[in-house]
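Before any comments, here is the structure.
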Amino acid sequence: MSQTTTPSRYTITSALPYTNGPIHIGHLAGVYVPADIYVRYLRLKGHDVAFVCGSDEHGVAISMKAKKEGVTPKEIIDKYHNIIKKSFADFGISFDNYSRTSAEVHHETASDFFKKLYEKGDFIEEETEQLYDEEAQQFLADRFVVGTCPKCGHEEAYGDQCENCGSSLNATDLINPKSTITGGVPILKKTKHWFLPLDRYEDFLRKWILEGHKADWKPNVYGQCKSWIDEGLKPRAVTRDLDWGIPVPVEGGEGKVLYVWFDAPIGYISSTKEWAEREGKDWKPYWMNQDTKLVHFIGKDNIVFHCIIFPSMLKAHGDFILPENVPANEFLNLEGNKLSTSKNWAVWLHEYLEEFPDMQDVLRYALTANAPETKDNDFTWKDFQARNNNELVAIFGNFVNRVAVLTHKYYDGIVPSPYTFEAVDKETLEALKGYPEILSNSLDRYRFREGSQELMNLARLGNKYLADAEPWKLIKTDEERVKTIMYVALQIATGLAVLSEPFLPFTSEKLKGILNVKSSGVETDWNNLGAQETLLPAGHQINPSELLFRKIEDAEIQQQLDKLEATKKTNASATNSTDSMEKEVTPQKDTITFDDFSKLDMRVGTIIEAEKMPKADKLLVLKVDTGLDTRTIVSGIAESFNPEDIVGKKVTVLVNLAPRKLRGVESEGMILMTENKDGKIVFLNPDEDGVGNGEVIS
RNA sequence: GGUUACAUAGCUCAGUUGGUUAGAGCACCUGACUCAUAAUCAGGGGGUCAUAGGUUCGAGUCCUUUUGUAGCCA
């Protein structure tokens, strides 16, 4: 079913980022950069495009993270939605609309979608028994249950998987299951759910994918679909017992929400609606007209949802078109290890943007030139540096600079009139004309890595032309010839300015500024570039040269490597100290100023007396010599220390804390404590010899 | 465990339907040049195409084995 005619419009989606963390280079290389290149290319060719995305804000993981951190899901999604949205915008991902699944338009769209399928009888209803936490009054998603693994005996296995032996489990299989919310023992309780019977769509999928897209879908995508279909598709639950998400909008759906994978892809549609509303357009053609080409950019972990489940949903609904292609990318690693949000093993986009200001295109280029299109790839900072210094600076930037500098040197920045074109000039101009098609060839087949290299080849063509023609020598003997040479070189530079736009949008803009193309009077777009004789006319004034790229020094790379090394160390010590018990690192608090800090008066003190507070399990009444005075401090450490053991101990005391009465005893300060790996409270003690009472801590 | 994909020079990758001495960029070595961000241009060395077998006149390309990596499923 590959389309042979040119589509009237394009709907391009890129995977909705999950709002449990910021965007990192893996997301960029796999999804957003290729999607953005494709979209910019389509726009340059004058196509009607809707490029939509948004934050995916539902699901168990966010609900769980919220409970763990003691905040509401909304606080989490707002935080990450804002970070993500801003970093995309700053990075130049040119979404027509970036929405979020908590938006009203999405709730409505997803609800309606569900209702329509419900009314058509496209769901199966089934009652199953699930674990239920009576105290919290809610059903427990697999991740909310821990217990002993029935296979290996590991005591901290999750309801869906044992991280010790790696086997997947059902929550009901766990021995001694416990709710992670209350710690209580869950009971089995009946619950009703709605299932999408994928088996009904088997014939359709077989025909559509296995016959229709055998040739044009990537091997991995096609192969995975084939294995799913061949194994026999089963009904899949599209609702969950959860309090975070889109409420099931039909009778009996109280306390239940749509499965996040049911609502998320509908987010593409909602986002399109939001965009159309704002732009005063009709969203429907973008999703319902057969002459629209729909393409989903995703990572390989999402293949089944975008190729099997979502298309089945769309088919069931009946009004929608299906994706023409799903160019799923493989994964990117970082310095030899898997990227991990929870382990902080990543190059975070929002941090990159701060650490390498105005260098968006460098990261775009490095990620494109080394994109994980056919297999997992490794991002290394050394490669990043090499791509920048050897290619962007040395080949692309340098060519442009030498052309601009020579033009100013010889002609005060005015494009010279060519004299007679020799064979080499004609060949070079002819080669230049061929580039739009060369690049189209790559981009139409989603080969962005190849495309980026072809673009670089155009700059190479320019460098070679100059090296062969040697205008700097001829200027002394043959001025007419030099005019022709510089004219040709300027045409190539202009070609680069136009053709680099999808790959290097910021650079393209800058280069167009140098060449002053907007006032040249020549229409230079992708389509007529190949047909046009002149891209930058003789007599046209260009602006002074500006460097397009700067070199990246070894020290900058080392800094990034050190940062990763520090992460490794943090992770290693975290694993050691939490060997058996999962211990969450408390998130960093809001920043304070130095003035805030200096308000704290902390001193070295010595405990001179200690006794238990009557009728209190946790409290000790201490007399502490602070160097200033001897004062009474009540401390909640009785469970960890015997009073007699701590007399004479040197401790850190916050002395200017407002006094407070605890159990009738006034406490005049606070002793600083921390916790060791076993959860035991320990003193933060100034144990260096010769440190006396009353010394200020700063 | 099942399944899908991947495995080609030191590194990153091309290699369409099997067809002459396996290609490119980077790195390395040599030479040329100086307009240019010590950039550029030319030339060179370097691979028994993961492994073992098979089909074929002929296989990096098709089939099977083993190993490794990754995704998905159980």
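Because only heavy atoms are used, hydrogens play no part in the values below, and waters and symmetry mates are left out as well, while side chains stay in. First the proteins, then the strands, lettered A, B, ... as listed; each starts at 1.
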Assigned partner base of B:A22, Watson-Crick or wobble definition, under 3.5 Å: none
Sugar-phosphate, base or nothing in reach of A:Pro219, heavy atoms under 4.0 Å: sugar-phosphate
A:Lys464 side chain near B:A42 phosphate (N/O to OP1/OP2, under 4.0 Å): yes
N/O donor-acceptor pair under 3.5 Å between A:His540 side chain and A:Leu515 backbone: yes
Under 4.0 angstrom between A:Lys218 side-chain N/O and B:G71 OP1 or OP2: no
A:Phe331 CZ - B:U4 P separation (whole Å): 19 Å
Protein-nucleotide distance (A:Ile475, atom CD1; B:U34, atom P), rounded to Å: 15 Å
B:G47 - base-pair partner by Watson-Crick or wobble geometry, distances under 3.5 Å: none
Sugar-phosphate only, base, or nothing, as touched by A:Ile552 at under 4.0 Å among non-hydrogen atoms: nothing
For B:G68, the Watson-Crick or wobble partner whose two distances fall under 3.5 Å: B:C6
Gap in Å between the two P atoms, one belonging to B:U61 and one to B:U8, rounded: 13 Å
Whichever of A:Asn389 and A:Lys476 has its nearest RNA chain B nucleotide further upstream toward 5': A:Lys476
Separation of B:U34 P from A:Phe399 CZ (nearest whole Å): 19 Å
Between B:G53 and B:A59 - P atom distance, rounded Å: 14 Å
Side-chain donor/acceptor contact of A:Asn398 with base of B:A36 under 3.5 Å: yes
B:U51 and B:U30, which share atom name P, separated by this distance in whole Å: 33 Å
Ring geometry between A:Phe549 and A:Phe396 (parallel below 30°, tilted from 30 to 60°, perpendicular above 60°): perpendicular
Whole-Å distance separating the CD1 atom of A:Ile309 from the C1' atom of B:C72: 11 Å
Candidate nucleotides B:U12, B:A36, B:U3, ranked by approach to the side chain of A:Asn401 - the nearest: B:A36
Over 12 non-hydrogen atoms of neighbours within 6.0 angstrom of OH in A:Tyr410: yes
Closest to side chain of A:Leu547, choosing from B:U37, B:A14, B:G71: B:U37
Distance, rounded to the nearest Å, where A:Leu406 contributes CG and B:C35 contributes C1': 4 Å
Touch class at under 4.0 angstrom, heavy-atom based, for A:Thr374 against every strand present: sugar-phosphate
Residue met sooner reading RNA chain B from 5', once A:Trp228 and A:Ala386 are mapped to nucleotides: A:Ala386
Closest nucleotide among B:U37, B:A70, B:C33 to the A:Phe549 side chain: B:U37
Per A:Ser227 side chain, nearest of listed nucleotides B:C26, B:U3, B:U40: B:U3
Nucleotide B:U4, atom C1' - distance to NE2 of A:His306 in whole Å: 19 Å
Whole angstrom value for the distance that separates P of B:U69 from NZ of A:Lys300: 13 Å
Sugar-phosphate only, base, or nothing, as touched by A:Lys338 at under 4.0 Å among non-hydrogen atoms: sugar-phosphate
P-based separation of B:U65 from B:U3 [nearest Å]: 10 Å
Side-chain N,O (A:Asn220) to OP1/OP2 (B:G71) below 4.0 Å: no
P gap between B:A14 and B:A50, integer Å: 14 Å
Any-strand Watson-Crick or G-U partner of B:A42, both distances under 3.5 Å: B:U30
Pairing partner of B:U56 (Watson-Crick or G-U wobble, both distances under 3.5 Å): none
Span that lies between the P atom of B:U12 and that of B:A27, in whole angstrom: 15 Å
Options B:A70, B:C33, B:U40, nucleotide nearest the side-chain atoms of A:Ile395: B:U40
Given B:C35, B:A7, B:U40, the nucleotide with the shortest approach to the side chain of A:Val405: B:C35
Complementary nucleotide for B:C35 - Watson-Crick or wobble, under 3.5 Å: none
Value in whole Å for how far the P atom of B:U16 lies from CD of A:Glu450: 12 Å
Geometric cation-pi criterion A:Lys315 and A:Tyr201, 6.0 Å radius, 45° cone: no
Partner of A:Phe305 under ring-ring contact (aromatic ring centres under 6.0 Å, His included), chosen from A:Trp228, A:Trp261, A:Phe262, A:Tyr268: A:Trp261
Minimum-distance nucleotide (side-chain atoms of A:Arg447 versus B:A14, B:C72, B:G71): B:A14
Within the 6.0 Å centroid threshold, strictly below: A:Tyr38 and A:Tyr446: yes
Same-atom distance (P) from B:U16 to B:G60, integer angstrom: 13 Å
With A:Asp425, the side-chain contact (heavy atoms from CB on, under 4.5 Å) member among A:Gln491, A:Arg481, A:Glu430: A:Arg481
Candidates B:A36, B:A5, B:U34 - which lies nearest the side chain of A:Arg402: B:A36
Residue A:Lys409, side-chain heavy atoms: nucleotide from B:A7, B:U37, B:C35 that is nearest: B:C35
Touch class at under 4.0 angstrom, heavy-atom based, for A:Lys551 against every strand present: base
C1'-based separation of B:U34 from B:U21 [nearest Å]: 38 Å
Option passing side-chain contact (heavy atoms from CB on, under 4.5 Å) with A:Pro235 (candidates A:Leu196, A:Asp199, A:Leu198): A:Asp199
Touch class at under 4.0 angstrom, heavy-atom based, for A:Val304 against every strand present: nothing
Closest listed nucleotide, where the reference is the side chain of A:Arg460 and the choices are B:U40, B:U12, B:C41: B:C41
Trace of the ring pair (Phe, Tyr, Trp, His ring centres under 6.0 Å) decision for A:Phe356 with A:Phe384: CA-CA 12 Å; A:Phe356 294 92; A:Phe384 169 82; 5.7 Å; yes
Sugar-phosphate only, base, or nothing, as touched by A:Lys473 at under 4.0 Å among non-hydrogen atoms: sugar-phosphate
